[in-house]
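The structure appears below as structure tokens.
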Amino acid sequence: MSDMELENRLHSIASRMEYPRTPDIAGSVTTHLQRSTQRRLISKPLAWSLTIVFVLLSSLMLIPPARAAIIEFIQVGVVQIFRGQPTLTPIPGTPVSTISVTATPIPDSDLLPILNKIAGKTTLASAQKAVQYSILLPAYPPELGEPDLVYVQDAEGIMTILVWLDPQQPDKILLSLHFIPEGSWAINKMNPEIIQETSVNERKAVWAVGPYPLKLYGSSGGLEFTRLIDGHVLIWADGDITFRLETDQSLEEAIKIAESLEPMP
Amino acid sequence: MDETALIHRAATGDALAWEPLVQAHQEAVFRLSYLLLGDPDDAEDVAQETFLRAWKYLKRFDSTRPLRPWLLSIASNLASNRRRSAGRYVAALMRAFRNEPAHANIEEKSTQQNDASELWQAVQNLSISDQQIVYLRYFLDLSVAETAETLQVAEGTVKSRLNRAIEKLRNIIKSDFPVLLEGREV
């Protein structure tokens, strides 16, 4: 049978494929969109409240002592960054670890075995049950979908790590996202070099490089530090959660991803 | 109202303009998702997510381009991500297999439908990227240009990838599904 004959035959057979009845997706999508619109309308009073708080804070900035206190440092989550200094400085009064850590990029060929060694591997649904905060997923880029790997680690505060693999090269990591709750020691183990101050959803953020605290099985000292991606890290905070987004993409792309985070459906 | 006008209205936040567009393309999106996932519930989830994501990023969509390939591209990526969880994919296929007699007795199915089911099984032995191109071109009957638009590759690339996929498929059919080449239903 020639290629042409085979193609015609495939067309002919495939056209008779029996599919389940197509559900009313248009109806469910429209309902979902209308509910979302209503939620946005309800949240307007909250937006006004936040605006009033912002105006009050802006007024405080006009008073010299208050202004000095506010601009002395920039705080991202539980990490304080003093202006004019190139590195993060721990919060005063918080125990500071003296463990010296060095980021070691991993050869691509070793990535997957290392992923298998990271402690706390679980599913997205189980992770959500294990933590008190909402696990958010990026809606951008639209084709990203759910993470390929999910880890939950106890770091005096349950930390969640989401990992997406590159669909074109499944042995490479495309993106990873940490959710670090307030009080976690993981923050104190980070000592990144600040590359740039920026913002995520109008909240202060930093674009940095530095070590990555991951708990691995079988390590002699209980902890080893490594980076999943040889790239930069975007750090920002929302409420009690500090986020770390690790990617080898540009700052603009990282911000788009960070700003697209939304609760799991 | 034509598709471009509806896209423009939907991009400004008009959900009612989006609904007829979803209706127009939901069958193709659902069917591609079903072919890739093997489970109608998962396919429905992916189809719904496809239209919600497309809605969210509609402002960035170039409305001079056809909508369907873009939607199929999103659905294909979402379905591929979902089925990379191998356990879930195998479970879905097993569910589909268990449910088969409840939906339709194989004995009672027409020969043509049996052939189509067997062809689907044969295609499932291909890599995910080969499956995508075969489903788009033969099962959803997209043109080479539409397939290229969906996969975001050149038309020449579609043709060469299709040739390679068909060659692999021919070998699979020869060894495991020879009746498909013997002209049982034509």
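Naming: A, B, ... by sequence-line order, numbering from 1 per chain.
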Legend entry - Check: A:Glu262 and B:Lys56 side chains under 4.5 Å, non-hydrogen atoms: yes
Inset, instruction - Flag the pair B:Arg137 / A:His11 as yes when at least one side-chain heavy-atom distance between them is below 4.5 Å, and no otherwise. - result: yes
Legend entry - Approximate separation, where rounding is to 0.5 Å, of B:Gln23 CD and A:Thr22 OG1: 12.0 Å
Inset, instruction - Can you measure from CG (B:Leu52) to CG (A:Leu33) and round to the nearest 0.5 angstrom? - result: 5.5 Å
Legend entry - Residues that B:Arg68 engages under salt bridge (Lys or Arg N to Asp or Glu O under 4.0 Å), provided they are two or more places apart: none
Inset, instruction - Hey, could you give me the CE/CZ distance between A:Met17 and B:Arg31, rounded to the nearest 0.5 Å? - result: 9.0 Å
Inset, instruction - Could you check which of A:Gly145, A:Ser15, A:Pro20 has the highest count of heavy-atom pairs closer than 4.5 Å to chain B? - result: A:Pro20
Inset, instruction - Over all heavy atoms of both residues, which pair between A:Gln34 and B:Leu16 is shortest? Give the atoms and the distance, please. - result: NE2-CD2, 4.0 Å
Inset, instruction - On the 0 to 90° scale, with breaks at 30° and 60°, tag the A:Tyr140-B:Tyr57 ring pair as parallel, tilted or perpendicular. - result: tilted
Inset, instruction - First locate atom CD1 of A:Ile25, then atom OG of B:Ser33, and finally report the distance between them rounded to the nearest 0.5 Å. - result: 7.5 Å
Inset, instruction - Check whether any side-chain heavy atom of A:Thr30 sits under 4.5 Å from a side-chain heavy atom of B:Glu19, and report yes or no. - result: yes
Inset, instruction - With sequence neighbours excluded, tell me which residues meet salt bridge (Lys or Arg N to Asp or Glu O under 4.0 Å) with A:Glu7. - result: none
Legend entry - B:Tyr138 side, atom OH; A:Arg9 side, atom CZ - distance, nearest 0.5 Å: 14.0 Å
Legend entry - Per-residue contact mode, A:Ser260 against chain B (heavy atom under 4.5 angstrom): both
Inset, instruction - Tell me the residues of residues 160-177 of chain B whose non-hydrogen atoms fall below 4.5 Å from those of chain A, in number order. - result: B:Ile166, B:Glu167, B:Leu169, B:Arg170, B:Ile173
Legend entry - Heavy-atom contact with chain B under 4.5 Å, split by part of A:Pro147: neither
Legend entry - Basic-acidic side-chain contact under 4.0 Å: A:Arg21, B:Glu27: no
Inset, instruction - Name the member of B:Thr50, B:Ile74, B:Val29, B:Leu119 that forms the most heavy-atom pairs with chain A at distances under 4.5 Å. - result: B:Leu119
Inset, instruction - Enter the distance from B:Leu180:CG to A:Ile13:CD1 here, rounded to the nearest 0.5 Å. - result: 5.0 Å
Legend entry - Shortest non-hydrogen contact between B:Arg53 and A:Leu144, atoms and distance: NH1-N, 3.9 Å
Inset, instruction - Answer yes or no: is there a side-chain heavy-atom contact under 4.5 Å between B:Phe139 and A:Leu10? - result: no
Inset, instruction - Can you run down the salt bridge (Lys or Arg N to Asp or Glu O under 4.0 Å) pairs that involve residues 141-158 of chain B, sequence neighbours left out, and say none if there aren't any? - result: B:Arg65-B:Glu149
